[in-house]
Amino acid sequence: MKKRTWLVVVVLSLALALGGQTVDVAYAAKKFVSIASGWVVGVYYPLAGAISNIAHKNLPDIKITVESSGASVANAKLIASGDADMAILQNDIAYYALQGVKPMFDKPVKNIRGITALYQEHCQIQARKDAKIAAVTDLKGKRVCVGPLGSGTEQNALQILEAYGMKFEDFAKVERLTATESADYLKDGRIDAAFYSVGVGAAGLVDTAMTVDCVIVPIDGAPREALMKKYPFFTRAVVPKGAYKGVEQDVPTVAVMAILTAREEMDADTAYRITRVIFENLKDIERAHAKGRELTLETALTGMSIPLHPGAEKFFKEKGILK
Ligand code: GLU
C-alpha cells in the first residue's frame with residue numbers, strides 16, 4: 001500500500017475507534033433510573049410511562065425504565081431492596097412501609113422518600129350485575145378477587161371488610177389475580193366481583209363494563225365512617241355517574257392518594273431534575289391518562305404521608321410551595 005493510503009487507513013481507524021469510544025462514554029455516563037409502577041390496565045403504569053418519555057425528551061443523560069408490578073406493597077419492598085429507584089404507590093401503604101406495619105412489612109422501609117402526590121385513587125368494588133350485589137354485605141358467599149398479590153388493593157379490601165364486620169373467609173372463593181386477569185374473570189363470570197383501589201377510569205374497569213353489565217358497589221353509612229376513623233388515610237369520595245358504562249348515579253366510596261416516591265439513596269440532583277421536569281411537562285402526564293390532570297404544583301404535597309426526598313424538597317422550596 002502507498003504511504004498515503006496507509007495514512008487514510010490509520011486516520012479512519014482512529015476516527016472509528018474514537019467515535020466508538022464516544023458512544024460508549026455517553027452510554028456509561030447515562031444514569032439509569034427504574035420506576036416500579038403497577039398494573040398494565042391501571043393508572044400507575046401509563047403514568048410512569050409518561051414520566052419515562054418526558055425524561056427521554058428532556059434529560060438526555062437520564063434513562064428511566066418502567067416495570068409493571070402488583071403495585072403498592074410490592075413496590076415499597078422494591079424500594080427497600082434497591083431493586084427500584086422510584087415507585088408509585090398509595091399514600092397509606094407508603095406510610096405503613098415506613099413504619100414497618102405487620103403483616104404487610106416484616107421490617108420498616110426506612111429509605112422510602114416522597115417526590116410528589118399524584119391523584120386520588122378510589123376503592124372500587126366492581127361486580128357483575130347478574131350477581132345481584134347491591135351492598136358490601138351481599139359479597140358474602142360470592143367469588144371475589146381481592147386484588148393482585150402485593151397490591152394496596154388487597155390491604156384496602158381487608159380494611160373495608162373489617163368495617164362491615166366481614167372477612168375474606170365470608171367469600172365462597174378468594175382470588176388474587178393481576179388486574180388484567182380479574183377483568184377477564186369478571187367478563188367470563190368466573191368471579192362475581194373484584195376490588196380495585198385505582199384511579200377512576202382505569203382501563204381494566206372501563207373495558208369490563210363495556211363487555212358485561214356491571215355495578216360499582218357503594219361503601220357508605222356507618223361502616224364508611226368507622227373505616228375512615230380507624231384508617232385516617234381514607235377520605236370520602238364518589239365514583240361519578242357515567243364513570244363506567246352502566247353507572248347511572250354517583251356511587252359513594254373512599255379514596256387514598258397515589259404518590260411518586262424514590263429511594264433515599266438516589267442523589268439529590270437526579271431527584272431534583274426529575275421532579276422539575278415532571279412539573280414542566282404536565283401536559284404529557286395528562287395525555288397519558290385523564291387522572292394526570294389532578295397533578296398540580298399547588299396540590300403536590302396534599303396527602304404526602306412520608307418525608308420528602310431532599311431533591312424534591314429543593315424544588316418545592318424554589319417554587320414557594322414549601323417553607
Ligand atoms: N393502587 C393499586 C394498588 O396498589 C395500583 C393501581 C395502579 O396500578 O394504577 O393496589
Side-chain angles (χ1 to χ4, degrees), residues 34-52 66-80 84 86-98 101 104-105 109 112 116-126 144-161 168 174-183 193-208 219 231 233-235 237 239 243-244 253-261 285-286 288-295 303 305-306:
S34 56
I35 308 188
S37 65
W39 318 333
V40 174
V41 294
V43 182
Y44 294 180
Y45 189 74
L47 228 66
I51 295 172
S52 161
V66 177
E67 308 289 337
S68 71
S69 75
S72 297
V73 176
N75 290 355
K77 290 179 180 168
L78 291 171
I79 288 281
M86 302 186 87
I88 304 181
L89 69 163
Q90 297 175 199
N91 65 343
D92 53 341
I93 305 295
Y95 179 81
Y96 300 143
L98 189 71
V101 169
M104 247 175 281
F105 298 98
V109 179
I112 189 162
T116 179
L118 297 170
Y119 59 87
Q120 256 195 337
E121 297 192 88
H122 290 54
C123 296
Q124 302 169 70
I125 307 170
Q126 190 174 38
V144 182
C145 174
V146 296
L149 223 62
S151 63
T153 297
E154 181 180 358
Q155 301 307 319
N156 293 159
L158 278 166
Q159 296 158 342
I160 293 164
L161 291 176
F168 286 172
V174 180
E175 297 275 12
R176 285 177 189 78
L177 306 165
T178 67
T180 308
E181 286 167 342
S182 74
F195 280 80
Y196 301 99
S197 298
V198 70
V200 170
L205 284 93
V206 171
D207 187 42
T208 304
I219 298 167
Y231 302 103
F233 288 106
F234 286 123
T235 54
V239 174
Y244 305 104
T253 184
V254 287
V256 292
M257 280 301 277
I259 62 174
L260 177 65
T261 66
I285 302 272
E286 280 175 28
H289 198 280
K291 276 306 229 176
R293 267 183 236 136
E294 288 177 30
L295 176 52
S305 55
I306 52 172

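We count ligands from 1, going down the list as the structure has it; atoms in each ligand are counted the same way.
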Residues that V40 engages under side-chain contact (heavy atoms from CB on, under 4.5 Å), provided they are two or more places apart: Y45, S68

To the closest 0.5 Å, what do you measure between CD1 (I219) and CZ (F195)? 7.0 Å

For E181, give me all partners under salt bridge (charged side-chain N to carboxylate O under 4.0 Å, His left out), at least two apart in sequence or on another chain. none

Under a 4.0 Å heavy-atom cut-off, what residues line ligand 1? G38, W39, G42, V43, Y44, A71, S72, Q90, E121, S151, G152, T153, S197, V198

Hey, what do you get for CD1 (I51) to CD1 (I285), rounding to the nearest 0.5 Å? 4.5 Å

Counting C-beta onward and ignoring hydrogens, is there a side-chain heavy-atom pair between V200 and Y244 closer than 4.5 Å? yes

E286: which residues meet the salt bridge (charged side-chain N to carboxylate O under 4.0 Å, His left out) condition with it, sequence neighbours left out? K283

